[in-house]
Number of protein chains: 2
Amino acid sequence: MTNPTRKRNTWQREAVRGALGADDGFVSAQGLHSVLRESGSPIGLATVYRALADLATEGEADSLQSPEGESLYRACTPGQHHHHLICRNCGLTVEIEADAVERWAQSVAAEHGFTQPNHVVDVFGLCAACSQAR
Amino acid sequence: MTNPTRKRNTWQREAVRGALGADDGFVSAQGLHSVLRESGSPIGLATVYRALADLATEGEADSLQSPEGESLYRACTPGQHHHHLICRNCGLTVEIEADAVERWAQSVAAEHGFTQPNHVVDVFGLCAACSQAR
DNA sequence: GTACTATTGATAACGAATCTCATTACCGTT
DNA sequence: AACGGTAATGAGATTCGTTATCAATAGTAC
C-alpha cells in the first residue's frame, strides 16, 4: 500500500526537540530560537514556532501561557498528564501530580453539564532560592 | 489634610463597569469596547483597557487568559476568591468553589519551598447547550 | 537519479495590548 | 459660580508575539 508520507524527519525538528529537552524550565519560542542561533544553528524562527506547535499537539511538549500572555513550552514525558509549579522569577519548574485535582475538574464539569473539560491548573510562585534573594 | 485626589469618577469608568456587569460571561477588552460603541457610547479603546485593568487590580473584576492568549474579564463579587468553569464556545461561565484546590495549591507549593503561590485554576469545556448542538 | 511534495525561512501581515501627548473635564478650593 | 491643578481621555503610533505567504529547498518513494 506504499505508506503515504505524512511527516518528514528534518534536522530542524530534531534541533528543536533537543534544545527543548536540554532546558529544564519553560521557554518561549523566541527564547529557544535565540539559544539555537547562538549555538550556531541557522534555523528560522517560523520553523521553531511550527516545531513547537507540533510537539505540543503530539504530546511531546507541554505548553502554557505565562501570566503575561506568552506561550511557553517544555519537554515532557509523553502520555502523562501533569501540572506545574513554576517560579515566576527564574522559571524553575517542578512537575506535580494532581490526581485529586483531575478528578475534581472532571466532576465539577459534569456537575454543571459541561463536556470535554480541558482544565488549566498551574501554580506560579517564587522558588526557595528566589524567595531568599529578596 | 485635604485628602489628595486619587481617583476620579468618569462616565467612562461607569460605562465599563456597567457593561461588564451586564454580561454574564468573560469578555475581552475589545469585545466590551465594541459593545459600548454599538450602544452609542463614544468611549475609546485605550480607556476600556485601562478601566478593565483598574477594575481587576481593585478586585472588582476577575481576569484570565483564554487558551488563545487573550485577556478576558468578568465582573465578580469583591473579596471572594473563586475559579471558573467556562464554555469555550459560547462563553457561559459558572463560578465554582474550590476550597480543596486552594489548600492543595498552598501545600504543594510549600512542599517544594515555593512562596507566594498564585495559582491558575480554570476549567474550559462545552456547556450543556453547546454540547447538544453538535 | 527522478519526481513528488512536505518543509523551510525571510519577510510581510496580523492582532492584542501599551504608549504618547495634546486635549478634556473632574473636583477641591476660593 | 468661576478657577486651577491634574487625573483621565482618546486617536493614533508603537511594540511585540505569533501566523501567513510563497519561492526555494530537501526528504522520501519509486
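Each chain gets a letter, A, B and so on, in the order its sequence line appears, and its residues count up from 1.
- Looking only at distances, no side-chain donor or acceptor of A:Ser41 sits under 3.5 Å from a matching main-chain atom of A:Arg37.
- Between B:Ala29 and A:Val48, the residue anchored nearer the 5' end of DNA chain C, judged by the nucleotide with its closest heavy atom, is A:Val48.
- Dashed line: the shortest gap from a side-chain N or O of A:Thr10 to OP1 or OP2 of C:dT8 is under 4.0 Å.
- Between D:dA7, D:dT9, C:dT8, one nucleotide has an atom nearer to the side chain of B:Arg8 than all others, and that is D:dA7.
- Under the 4.5 Å side-chain contact rule for hydrophobic residues, A:Ile43 and A:Leu32 share a cluster.
- In this structure, of C:dA17, D:dT18, D:dG27, it is D:dG27 that holds the atom nearest to the side chain of A:Trp11.
- Between A:Arg13 atom CZ and D:dT25 atom C1' there is a gap of 15 Å when expressed in whole angstrom units.
- At whole-Å resolution of the value, CD in A:Glu68 and C1' in C:dA16 are 15 Å apart.
- As rounded to whole Å, 13 Å separates atom C1' of C:dA12 from atom CG of A:Leu45.
- The closest donor-acceptor contact from the side chain of B:Asn118 to the backbone of A:Phe124 lies at 3.5 Å or more, if one exists at all.
- The backbone N or O of A:His84 lies less than 3.5 Å from a partner atom in the side chain of A:Asp122, making a donor-acceptor pair.
- For the pair A:Arg50 CZ and D:dT18 C1', the interatomic distance rounds to 12 Å; values are reported in whole Å.
- Here the P atom of nucleotide C:dT24 and the CD1 atom of B:Ile43 are 18 Å apart, to the nearest Å.
- As rounded to whole Å, 14 Å separates atom C1' of C:dT7 from atom CD of A:Glu14.
- When rounded to the nearest whole Å, the span between CG of A:Asn9 and P of D:dG27 equals 10 Å.
- Atoms NE2 (A:His33) and P (D:dT19) sit 15 Å apart, rounded to a whole Å.
- For B:Glu97 (side chain) and B:His82 (main-chain N/O), no donor-acceptor pair under 3.5 Å exists by modelled atom type.
- Comparing B:Gln12 and B:Leu72 along DNA chain C, the residue whose closest nucleotide (by nearest heavy atom) sits nearer the 5' end is B:Leu72.
- Close to C:dA17, at under 4.0 Å from its OP1 or OP2, lies a side-chain N or O of B:Ser71.
- Distances shown here put every side-chain N or O of B:Tyr49 at or beyond 4.0 Å from the OP1 or OP2 atom of C:dT18.
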